[in-house]
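Encoded as C-alpha cells, the structure appears first; notes follow it.
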Amino acid sequence: MPFVTTLTLTSGDRHRLDDVVADIKDRAARKGVELKGPHPKSPDELRIPQSKTLGPDGGRFESWHHTVYTRTIEIVGYEAFARSVTEEEFPDGVHVSVGVEQRTQLGSGS
C-alpha cells in the first residue's frame, strides 16, 4: 500500500509559486518519481477591509484586495523524495502544507 504525500502550495505571487512547482517537477522527473499534478485551483480573491478612518468625517480607506494562488501536487510512494521536498526552505511568500495518507490498491480486498 503506497503512501501518497499531498503538497498544497499557496502564494500571492503566481510567478514565484509556479517557479517552485516547476523546480519540484524537474527534480522528480530526474529521479523518476511519480507525480500527479500540479493541479491548479481557481485563484481566491480576498477583500480585507481597512478599519482606520481618514478623519473626523468618517471616511475610510479602500479595502485591500489580495489574490491567493494554489497548486496541489501528489507524490505517490517515494517517501525519501517527499521528505526531502518537505524539509527544504521555500521562498518567502510561498506556503506549503503537507498531508500523507496510505492508499489501498484496487482489488486488494481492504
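Residue indices begin at 1 and follow the sequence shown. What you see is a predicted model, and the numbers here were worked out from it, not measured in a lab.
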Worksheet item: Are Val4 and Val33 connected in the hydrophobic side-chain network, where two residues link if heavy atoms are under 4.5 Å apart?
Response: no
Worksheet item: Is Phe90 linked to Val98 within one hydrophobic cluster, defined over Ile, Leu, Val, Met, Phe, Trp and Tyr using a side-chain heavy-atom separation of less than 4.5 Å?
Response: yes
Discussion item. For a side chain to side chain contact (heavy atoms under 4.5 Å, CB included) check, start with the C-alpha distance between Glu45 and Arg47, then their side-chain angles and the critical distance, and finish with the verdict.
Written reply: CA-CA 7 Å; Glu45 298 290 332; Arg47 184 180 152 278; over 6 Å; no
For [X] versus [Y], what's the shortest heavy-atom pair and its separation?
| X | Y | answer |
| --- | --- | --- |
| Glu34 | Tyr78 | N-CE1, 3.4 Å |
| Ser63 | Pro49 | OG-CA, 3.7 Å |
| Pro38 | Arg71 | CB-CB, 4.3 Å |
| Glu88 | Val85 | CG-O, 3.1 Å |
| Ile24 | Phe81 | O-CZ, 4.0 Å |
| Gly93 | Ser11 | O-OG, 2.8 Å |

Discussion item. For His95, give me all partners under ring-ring contact (aromatic ring centres under 6.0 Å, His included), at least two apart in sequence or on another chain.
Written reply: none
Discussion item. Just so I know, are the side chains of His66 and Ile48 near enough to count as touching, which here means a heavy-atom distance under 4.5 Å?
Written reply: yes
Worksheet item: So do Val96 and Thr86 actually touch side chain to side chain, heavy atoms under 4.5 Å?
Response: no
Working to the nearest 0.5 Å, report the span between [atom1] of [X] and [atom2] of [Y].
| X | Y | atom1 | atom2 | answer |
| --- | --- | --- | --- | --- |
| Lys36 | Thr6 | NZ | OG1 | 10.0 Å |
| Asp19 | Arg14 | CG | CZ | 11.0 Å |
| Leu9 | Ile73 | CG | CD1 | 5.5 Å |

Discussion item. Assess the residue pair Lys25 and Leu35 against the criterion (side chain to side chain contact (heavy atoms under 4.5 Å, CB included)); give the C-alpha distance rounded to whole Å, side-chain angles, the decisive distance to 0.1 Å, and a yes or no.
Written reply: CA-CA 8 Å; Lys25 281 183 63 173; Leu35 284 184; 4.0 Å; yes
Fill in: Within 6.0 Å of CG in Asp26, more than 12 heavy atoms from elsewhere
yes
Discussion item. With a 6.0 Å cut-off (strictly less than), is the heavy-atom count around CD of Glu62, excluding the residue itself, greater than 12?
Written reply: no
Worksheet item: For the side chain of Tyr69 and the backbone of His15, is there at least one donor-acceptor N/O pair under 3.5 Å apart?
Response: no
